[in-house]
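Numbers for residues simply follow the sequence, beginning at 1.
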Amino acid sequence: MEKLIEKISMAKEREEVNLLCIPYAGGGASAYYAWKKRLNSKVGLYAVQLPGRENRIVDTPYESIHDMIPDLLEEMDVVVQKPYILFGHSMGAKVAYELEKAMALKAMGSVELIVSGSRAPHIPEPKPIGHLPDEAFLKELYRFEGTPVEVLQNKEIMKLFLPLLKTDFTMDEEYYDVSKKKVNCPITAFCGKHDVEANEEDMRQWKDYSDLFTMKVFDGNHFFIKSELIKVLDMINEIASKYLKS
């Protein structure tokens, strides 16, 4: 079985801080491959490759965010060799939050948690779509604007990926936690100015999850991490610079 955590950057001898990125529903590790070109060379880049996609397409997807945490913990040794930052977008932000709590119990928490495009855990999904019939589900996918229209309209491609997408969306939508358990590290929230799935008000609620909270608003919709990629990476470099030796 392929590993969950994949190393993307190669200049290990120069790296002082690690960045572990967790994908959104339906996304894979390749969503972060282009990041290494603009990240500070002192930042080691890792990504989570969840089962059911890309090189793990034959593996059975998770059905619960909580189910994947023990498996991630088993592979975190490579990441914790240096101070590390956790980044997650949309569903990935919830995974990152749960992973941070689990790592803190082992006294190996991150130096910073970046939650992107995701409502705080105590805010339920107002318009769940994972349970919808296939045609209705596909129609709703258009509102996220993360999948190219030509892909959504390709019946062969969607027939292959629809089960994975519905499983991921259901997993994301069923995650709900009202405990508001704080993490020990700072939280920075990334928000899209026109994101109707995780608006500024909902994103700002992450302030209840850390004593040190910052929010950055970018132009764009739910997938501002694509449309505003350069600005997003510049901000990640700025955050990472706080933890570099020089």
Side-chain angles (χ1 to χ4, degrees), residues 19-27 31 48 62 64-69 72 84-105 109-131 140 143-146 168-228 231-236 238-240 242:
L19 172 68
L20 176 61
C21 300
I22 306 172
Y24 42 86
V48 169
Y62 291 106
S64 165
I65 286 176
H66 294 287
D67 288 345
M68 70 177 73
I69 300 303
L72 281 169
Y84 69 96
I85 298 166
L86 288 177
F87 173 93
H89 182 73
S90 198
M91 179 186 78
K94 298 166 184 175
V95 177
Y97 169 66
E98 287 296 327
L99 180 58
E100 172 59 30
K101 290 192 296 180
M103 291 297 292
L105 291 175
S110 69
V111 293
E112 189 139 351
L113 171 61
I114 304 175
V115 292
S116 175
S118 177
R119 293 179 302 279
H122 66 275
I123 304 176
E125 167 59 57
K127 296 183 291 183
I129 68 173
H131 66 288
E140 289 295 323
R143 82 172 193 240
F144 290 89
E145 300 180 9
D168 274 11
F169 268 82
T170 300
M171 178 167 59
D172 177 50
E173 292 163 357
E174 290 182 348
Y175 176 85
Y176 178 57
D177 185 355
V178 297
S179 64
K180 293 187 179 181
K181 182 174 176 58
K182 287 187 176 183
V183 296
N184 297 324
C185 65
I187 289 180
T188 297
F190 286 2
C191 177
K193 185 183 296 185
H194 306 294
D195 187 353
V196 297
E197 304 303 322
N199 59 44
E200 290 185 42
E201 181 179 353
D202 289 348
M203 289 293 302
R204 203 170 294 280
Q205 298 305 307
W206 281 100
K207 71 182 186 303
D208 295 334
Y209 292 79
S210 173
D211 291 330
L212 295 170
F213 174 78
T214 306
M215 190 163 108
K216 306 295 182 183
V217 180
F218 299 87
D219 286 333
N221 54 38
H222 189 61
F223 279 94
F224 64 88
I225 62 167
K226 295 182 179 181
S227 62
E228 298 297 310
K231 292 180 180 179
V232 167
L233 293 181
D234 285 348
M235 182 54 61
I236 290 177
E238 183 176 322
I239 292 170
K242 296 186 295 183

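When all heavy atoms of A198 and C191 are compared, the closest pair comes out as O-SG, 3.8 Å. Summarising the geometry of G130 relative to E173, their closest heavy-atom pair is N-OE1, 3.0 Å, with the distance given to 0.1 Å. Across all non-hydrogen atoms, the minimal contact from H131 to P128 is CE1-O, 3.2 Å. Annotation for F87 and L19: closest pair CB-CD1, 4.0 Å, computed over non-hydrogen atoms.
When only modelled atom types and interatomic distance are considered, S90 and H222 share a side-chain donor-acceptor pair under 3.5 Å.
K231 has a carboxylate O that lies under 4.0 Å from a charged side-chain N of E228, or vice versa, which qualifies the two as a salt bridge. Checked for salt-bridge contact, R119 and E125 meet the test: a charged N lies under 4.0 Å from a carboxylate O.
Partners of K207 according to the salt bridge (Lys or Arg N to Asp or Glu O under 4.0 Å) rule, which considers only residues two or more places apart in sequence or in another chain, do not exist here. Remark: D168 pairs with A25, R53, M91, L164, M171 by the side-chain contact (heavy atoms from CB on, under 4.5 Å) rule, at least two apart or across chains. Contacts of P121 classified as side-chain contact (heavy atoms from CB on, under 4.5 Å), with partners at least two apart in sequence or in another chain: Y97, Y175, D177, W206, Y209. Residues forming a side-chain contact (heavy atoms from CB on, under 4.5 Å) with D208 (at least two apart in sequence, or on another chain): H122, K180, Q205. Residues satisfying the side chain to side chain donor-acceptor pair (under 3.5 Å) criterion with S116, sequence neighbours excluded, are H89.
The shortest distance between side-chain heavy atoms of P186 and T188 does not fall below 4.5 Å. Inter-residue side-chain proximity for L86 and I114 is flagged as unmet; no heavy-atom pair is nearer than 4.5 Å. Contact annotation: the side chain of M103 approaches that of Y84 to within less than 4.5 Å [non-hydrogen atoms, C-beta and beyond]. Side chains of V48 and C21 form no contact here, defined as non-hydrogen atoms less than 4.5 Å apart. The shortest distance between side-chain heavy atoms of V111 and C185 does not fall below 4.5 Å.
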Pairs under 3.5 angstrom only: tabulate donor-acceptor contacts from the side chains of residues 211-220 to other protein residues two or more places apart or in another chain.
| unit_1 | atom_1 | unit_2 | atom_2 | d |
| --- | --- | --- | --- | --- |
| D211 | OD1 | K182 | NZ | 2.6 |
| D219 | OD1 | K193 | NZ | 3.2 |

- Task: Under the side chain to side chain contact (heavy atoms under 4.5 Å, CB included) rule, what do I69 and L99 come out as? Steps first, then yes or no, please.
- Result: CA-CA 6 Å; I69 300 303; L99 180 58; 4.3 Å; yes

- Apply the test side chain to side chain contact (heavy atoms under 4.5 Å, CB included) to residues S118 and K94: give CA-CA distance (whole Å), side-chain angles for both, the deciding distance (0.1 Å), then the verdict. CA-CA 7 Å; S118 177; K94 298 166 184 175; 3.4 Å; yes

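Aromatic rings from F190 and F224 are positioned such that their centres are separated by 6.0 Å or more.
We find the CD1-CG distance between I22 and L72 to be 6.5 Å, quoted to the nearest 0.5 Å. Note that the OG atom of S179 and the NZ atom of K101 stand 5.0 Å from one another [nearest 0.5 Å]. Residue D195 holds its CG atom at 7.0 Å from CG of N221, rounded to the nearest 0.5 Å. Considering CG of N199 and CD1 of I123, their distance stands at 8.0 Å, rounded to 0.5 Å. Annotation: the span from S110 atom OG to E100 atom CD amounts to 3.5 Å, rounded to 0.5 Å. Distance check: I225 CD1 to Y24 OH gives 6.0 Å after rounding to the nearest 0.5 Å.
Environment of NZ in K242: crowded, with over 12 heavy atoms of neighbouring residues, nucleotides or ligands closer than 6.0 Å.
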